[in-house]
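Here is the structure we will look at, set down as structure tokens.
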Amino acid sequence: MEIYLDANATTPVLAQARAAALAAMADDFGNPSSTHSTGLKARALVDAARATARRVLGAPTGRLLFLSGATEGIQTAVLSALTALRTRRDAGERPQPELLLYGATEHKAVPEALRHWNALLGLDLQVLAIPVGRDGRHDLAWLREQAPRAGLVCTMAANNETGVVSDLDGIAAALAGTPALWLVDSVQALGKLPLRLAERPIDYAPFSGHKLYAPKGIGLLYVREGAPFTPLMAGGGQEGAARSGTENMSGIAALGAVLAALEGGQAFAPHETLKAWRDLLAEALRAAFPSLQFNAPPEACLPTTLNFSVPGLGAKLLMDAFDAAGVRVSGGSACGAANALPSHVLEAMGLPAWQTASAVRLSFGPAADAGFIAEACARIRACGEALRDSCLLERPILGSASAPADGLTRHPVDGDCCYLLADAASRRCVVVDPLPALHERLAQWLRCQRYMLAAVLVTRADSLQAQAAQALREAVPEWLDDALGRHDAFGFPQGSDRLLLGERCVSRVALPGAPAAAAAYLLEHASGERVAFIGEGLSGGVVREPQALAEGLRRFEQAVGARSLLLPSRDVDHRFATTLATEWAPCEDLGDDTGELPPAQLPALLQARPGSLLVDVREPYEQRLGQPPELHGLPLACEAVALSGLLDALPRWLALPADTPVLFFCRSGNRSAQAARALRRLGHARAYSLAGGLALWPRVAAASPNWALCT
Ligand code: PLP
């Protein structure tokens, strides 16, 4: 079962709402503007839905328009207010407002609409953000000072990212006696807070159906009686000519059903119950991530929203883990989720950078039930366990690590790459090119795995990495190998030319054309496999002596081998590795073949090529949290190689017959695309990535499977 905890982004459609929408499409499909009986039935449906909305919102008077959603409601309100301001200006009224104000934590739709219409109407008023405090609430003293100069003030009822509830009475008091119009974005408040619109001097209040169990594409705008109004849509005169365009009847029917359910009080849990559920979720989060910080005081928030950050764990990592466990949460806001920017809401609240960059939002709707919350809590706890088991979180009992780590892992941060070489036999490890952002994570890993740190190597002695190396040594004195006390500027133990870790050996290797401050290292395994850490590249500077460079390259090839992986300290294109052979070979033209396999083609590929290799590149904690992938209800044979551990597996896949398909998959298709591209570039052309990842995993069965199955 999917545990959907992203209700502030959108909600599923309530069963009653679905039924009402279907009936409006199948039976009562009329156009409410028609005067025949079919049309009259449709008109009655619209009127009934509006009447319910008036009661639920406490808005017996004023306009209540059906429109496409909150963004349209905001545009209509801003256009109406700004048109009135322009009329006042053109009539030469005094004093002229100078400001348009909006809360610094508003949804983007508000400041963008203000700027858009301000420019389009030629008003050129100053658009200013109302500062908020650490608790996310508006600075009312600031507002009191500025409001007399404002033409329009926009403040949300509750914040979509943090759930912080605004002090609407305090804002109303700050605006009292000023000519400013007041817009309250009420999207997140509906169904979670009592709304008595007419009791406050609110001029405009937009709502969105899909935030409360109605479908997307339907919303409401309340406009106080007497507040300025200008239609955004002109046309056939629907909605009393306030919003032209044939009504979205299925949307109105569904929203009407949701509002009726809200009024009936049966389908939605009361405030106190929601708070109790939120407290259970908060407790589960604290148990799973003992060091977590809530980013807003829960008592100042909607009872359905929690926003938190965990030191050392990025939002992406947490979301991957939650998603694997079938728990859908979001990082910051839904709009920002794809581009992974730090949250502007948390920045406005003055939270430290690590907290704004790693925030996760968990939100549920008032139609949840106790069983759903209990299951959510259990899965949150399981996420904590899985991350602890992967040494990403502190363990309460030392020595309880599952399998000891062994092999080479790659840890990229903004294009820079750090490598961790772990040797299970000797319980020793080496870090190459550490990065400040990984510091806490590496220290945590060492404490958890209980490995001795044999060396912290850098490929540039004059780099940020060299400073990070020193900081790492100082942070974990109890895990430093004796030899580490004396090392050179690159971190290599002084007086020795080899570092031994079980069957692995790390030595220096001369890098052709490199400046004096650069170094490279060769990692050799007793099996004969070799890998080189080459830092910024093979020819780091201007080549002044081509002959010497050619000789250097020959020696480098002899020492390292033409087909050994060369690992850079910077890898913005996610190439992972190169080889001398790859660099020397002419680029192969793969034509239109992008290496992306559409999910619907997976059954056919496995049918046609039973020897295909399926590789799950998700991290071990994700693999542990989720169900193994299956087709026809049968588990599929697949290899588990996390993207961080790809380097160790690349040589093995490169040795496969050229026609063996290697199909990578992950959660969304991003990491698998990186893996497929890396393997193709190194020479295995039949490397593919499952487009859309497990999210789009094919559910349609193909006939009689004959591929290998896990047993
Ligand atoms: N305002 C707030 C507070 C929201 O959360 C959202 C949606 O995320 C919007 C406005 C925009 O709503 P809609 O999707 O209906 O345009």
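All values below were derived from every heavy atom in this structure, side-chain atoms included, with hydrogens, water molecules and symmetry-related copies excluded. First listed ligand is number 1; within each ligand, the first listed atom is number 1. No experiment lies behind these values; they were computed from the predicted model shown.
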Checklist entry - Okay, side chain of K211, backbone of N8: is any donor-acceptor separation there less than 3.5 Å? => result yes

Checklist entry - Is E239 salt-bridged to R50, going by a charged N under 4.0 Å from an acidic O? => result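 A salt bridge is present here (some side-chain N lies under 4.0 Å from a carboxylate O).
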
Checklist entry - Is R671 salt-bridged to E622, going by a charged N under 4.0 Å from an acidic O? => result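 Yes, charged N to carboxylate O under 4.0 Å.
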
Proximity of [X] to ligand 1 by residue part, where a heavy atom lies under 4.0 Å:
{"X": "E72", "answer": "neither"}
{"X": "K211", "answer": "side chain"}
{"X": "K216", "answer": "neither"}
{"X": "N160", "answer": "side chain"}

Atom indices of ligand 1, in the order listed, that fall short of 4.0 Å to a heavy atom of [X]:
{"X": "M156", "answer": "3 (C)"}
{"X": "H210", "answer": "13 (P), 14 (O), 15 (O)"}
{"X": "S208", "answer": "13 (P), 15 (O)"}

Item to check | With F322 via ring pair (Phe, Tyr, Trp, His ring centres under 6.0 Å) - residues at least two apart | outcome: none

Item to check | Nitrogen or oxygen of A70 less than 3.5 angstrom from that of ligand 1 | outcome: yes

Item to check | N8-ligand 1 polar pair, N/O distance under 3.5 Å | outcome: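 Between N8 and ligand 1, no N or O pair is found under 3.5 Å apart.
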
Check residues 54-64 and write down every donor-acceptor pair under 3.5 Å in which the side-chain atom is one partner and the other belongs to a residue at least two apart or another chain.
{"from": "R54", "atom 1": "NH1", "to": "A59", "atom 2": "O", "distance (Å)": "2.8"}
{"from": "R54", "atom 1": "NH1", "to": "T61", "atom 2": "O", "distance (Å)": "3.2"}
{"from": "R54", "atom 1": "NH1", "to": "G62", "atom 2": "O", "distance (Å)": "3.1"}
{"from": "R54", "atom 1": "NH2", "to": "G62", "atom 2": "O", "distance (Å)": "2.7"}
{"from": "R55", "atom 1": "NE", "to": "E263", "atom 2": "OE2", "distance (Å)": "2.5"}
{"from": "R55", "atom 1": "NH2", "to": "E263", "atom 2": "OE1", "distance (Å)": "3.1"}

Checklist entry - Does a side chain donor of either N295 or Q355 reach within less than 3.5 Å of an acceptor in the other side chain? => result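 Side chains of N295 and Q355: pair found under 3.5 Å.
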
